[in-house]
Every structure is written in structure tokens, then in C-alpha cells.
Amino acid sequence: MSIRHGLLALLERGPRYGSRLRTEFESRTGSTWPLNVGQVYTTLSRLERDGMVVQDGADDAGHDLYAITDAGRTELHTWFGTPVDRTHPPRDELAIKLAMAVGAPGVDIREVIQSQRRHTLKAMQDYTRLKAQALADVPADRDEVAWLLVVEQLIFQAEAETRWLDHCESRLVRLAEAAATEPSAGPGPAATRGPARAPAERSGSQR
């Protein structure tokens with residue numbers, strides 16, 4: 001998640017101070033990606049350095065307000081109009097774990113898969129329950145609609161992970177069956193052919 005662009009999107013609605021930006025960010029995403037105030041102010045400082053925001057006085061409570069600039073709006077609209085890059089995906093801990101578990105001594109990779117499947121299914125059930133609660137009443141504002149989109153993405157992601165785990169287990173079963181039916185290597189023509197060539201090689205070296 002681009003915190004930088006998320007804050008710009010919120011500032012486009014009007015000047016805000018750091019704590020309010022954090023609250024609105026978490027409200028919009030259902031606290032799926034919680035922020036701390038330090039992250040917010042660090043990002044605001046970088047945005048100010050880059051000319052994307054400026055300090056815009058203070059509110060009645062003395063909170064320093066930040067406002068988006070024209071450069072910030074251009075940056076934000078470019079972000080909205082640019083597809084998210086999938087050619088360099090972030091490292092996925094589960095994919096790395098399974099890749100390293102293949103052939104690792106003392107590791108039952110099928111148990112690793114089954115354990116993860118149970119966890120992912122539990123998460124998917126929790127997300128589905130959250131979605132049902134959100135739909136109990138028609139979403140009343142943009143924050144509720146935004147949260148619904150986020151929780152549905154989490155559900156789809158969990159479903160896809162479950163299907164991938166099923167695929168991994170199926171592939172391992174096929175590999176195990178193939179290994180069990182593969183004939184063991186034994187002495188054959190290839191094994192006797194090597195020593196039989198030795199005299200000819202020696203006689204050749206004498207010529």
C-alpha cells in the first residue's frame with residue numbers, strides 16, 4: 001500500500017493534520033493496514049520536501065494543517081491512472097517457505113501445506129463474517145464502501161491462496177507417485193560397456 005499516495009488522496013478533500021489523516025486512512029481501509037502517527041508525519045515531511053504538500057496554518061486546536069499542492073494533485077492523478085506493477089511482486093513468505101521445504105530434511109511439506117490451509121480458511125471465514133456485517137446495512141458513506149472493497153479483496157486473496165495450496169499438494173502427490181513407480185537403476189548394458197572399452201583405449205594409446 002502506498003502510504004504516500006493514500007495521504008495525498010485524503011488531502012485532496014481538504015487540509016488535515018497528522019492524527020486525522022491516520023484516523024481517516026484506517027477508517028477507509030478498515031484498519032487492515034494500521035499506521036502510527038510517526039509514519040504519517042515522516043511521509044508528510046517527505047511530501048513537503050518533494051513539493052507535494054505545504055503546511056497550511058493550524059486549526060482552532062493548534063494542530064498543524066497540511067494541504068496538497070498542484071504537483072501533489074498531478075502525482076495523485078498519475079497514480080490513479082497507472083496500473084499497479086505486477087512484474088516485480090513483493091516477496092511472499094508462504095511461497096518462499098514451501099519452496100524451501102521441498103526436499104528439506106525432517107520437514108513434512110504436506111503438513112506445512114495443511115497447517116497453512118487451516119489458517120487461511122479460518123481467515124477467509126473471519127473476512128466473510130466481516131463482509132456480512134458490513135452488508136447488514138446498506139453502506140452509508142464512502143468510507144464504508146471503501147472498507148467493503150478492501151474486505152472483499154481479502155476474501156478473494158484467501159480463496160486464491162487456498163486453491164494454490166490444493167494445487168501444491170496435488171503436485172506433490174503426483175511427484176511421489178512418479179518416484180514410486182520409477183524403476184531403480186541397476187547393472188545393465190551401460191554399466192558393462194565402460195570397462196569393456198578400457199582395453200581398446202589402452203591399445204590405442206600404444207599405437
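Owing to the predicted nature of the structure, the values given are computational and were not obtained by experimental measurement. All residue numbers in this chain count up from 1 along the given sequence.
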Holding to salt bridge (Lys or Arg N to Asp or Glu O under 4.0 Å), I want the full list of residues that pass it with R22, two or more places apart in sequence or in another chain. none

Which residues pass the salt bridge (Lys or Arg N to Asp or Glu O under 4.0 Å) test with R46, sequence neighbours left out?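 If we apply the salt bridge (Lys or Arg N to Asp or Glu O under 4.0 Å) test to R46, skipping adjacent residues, there are no hits.
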
In the hydrophobic clustering (ILVMFWY, side-chain contacts below 4.5 Å, transitive), which residues join M100, or is it alone?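 Besides M100, the hydrophobic cluster comprises I96, listed by chain and residue number.
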
So which residues get pulled into V102's cluster when ILVMFWY side chains under 4.5 Å apart are joined, directly or through others?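 Once heavy-atom contacts under 4.5 Å are chained together, V102 belongs with L94, L98, V107, I109, V112, I113, W164, L165, L172.
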
Excluding sequence neighbours, so at least two apart, what forms side chain to side chain donor-acceptor pair (under 3.5 Å) with [X]?
X	result
D108	none
E48	none
S170	R174
E111	R118

Quick test of your reading: applying salt bridge (charged side-chain N to carboxylate O under 4.0 Å, His left out), list the pairs with at least one residue in residues 154-164, sequence neighbours left out, ordered by first then second residue. none

Minimum-distance pair of heavy atoms, taken over all atoms of [X] and [Y]:
X	Y	value
L8	I68	O-CD1, 3.6 Å
R4	T43	CA-CG2, 3.7 Å
P89	R86	CD-O, 3.6 Å
G51	A71	O-CB, 3.6 Å
T120	A158	CG2-O, 3.5 Å
A134	L148	CB-CD1, 4.1 Å

Evaluation steps, side chain to side chain contact (heavy atoms under 4.5 Å, CB included), between L10 and R28: CA-CA 10 Å; L10 294 172; R28 185 67 65 91; 4.3 Å; yes

To the nearest 0.5 Å, tell me how far D56 CG sits from R16 CZ. 12.0 Å

Below 4.5 Å, heavy atoms only, C-beta onward: do R117 and D166 meet side chain to side chain?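 They are in contact (side-chain heavy atoms under 4.5 Å apart), so the answer is yes.
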
Connected via hydrophobic side-chain network under 4.5 Å: F156 and L135: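 The answer is no; the residues belong to distinct hydrophobic clusters.
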
Hey, quick one: are V54 and L76 part of the same hydrophobic cluster, counting side-chain heavy atoms closer than 4.5 Å, chains of contacts allowed?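 V54 does not cluster with L76.
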
Quick one: do E75 and T78 satisfy side chain to side chain contact (heavy atoms under 4.5 Å, CB included)? Show the steps, please. CA-CA 5 Å; E75 171 77 11; T78 299; 5.6 Å; no

Does a sphere of radius 6.0 Å around CZ in R142 hold more than 12 heavy atoms from other residues, nucleotides or ligands, not counting ones at 6.0 Å or beyond? no

Ring pair (Phe, Tyr, Trp, His ring centres under 6.0 Å) partners of residues 43-77, not counting sequence neighbours, each pair once: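 Found Y17-H63.
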
I need the full list of ring pair (Phe, Tyr, Trp, His ring centres under 6.0 Å) pairs touching residues 90-125, with sequence neighbours left out, sorted by first then second residue.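 Pairs touching residues 90-125 that pass the test: none.
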
Review item, side-chain donor-acceptor pairs of residues 34-42, under 3.5 Å, at least two apart:
unit_1, atom_1, unit_2, atom_2, d
N36, OD1, G38, N, 3.0
N36, OD1, Q39, N, 2.7
Q39, OE1, N36, N, 3.1
Y41, OH, G18, N, 3.1
T42, OG1, G38, O, 2.8

With H5, which of W79, F25, F80 fulfils ring pair (Phe, Tyr, Trp, His ring centres under 6.0 Å)?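 Running ring pair (Phe, Tyr, Trp, His ring centres under 6.0 Å) over W79, F25, F80 with H5 returns exactly one hit, W79.
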
List the steps, then state whether side chain to side chain contact (heavy atoms under 4.5 Å, CB included) holds for L154 with L130. CA-CA 11 Å; L154 294 172; L130 287 174; over 6 Å; no

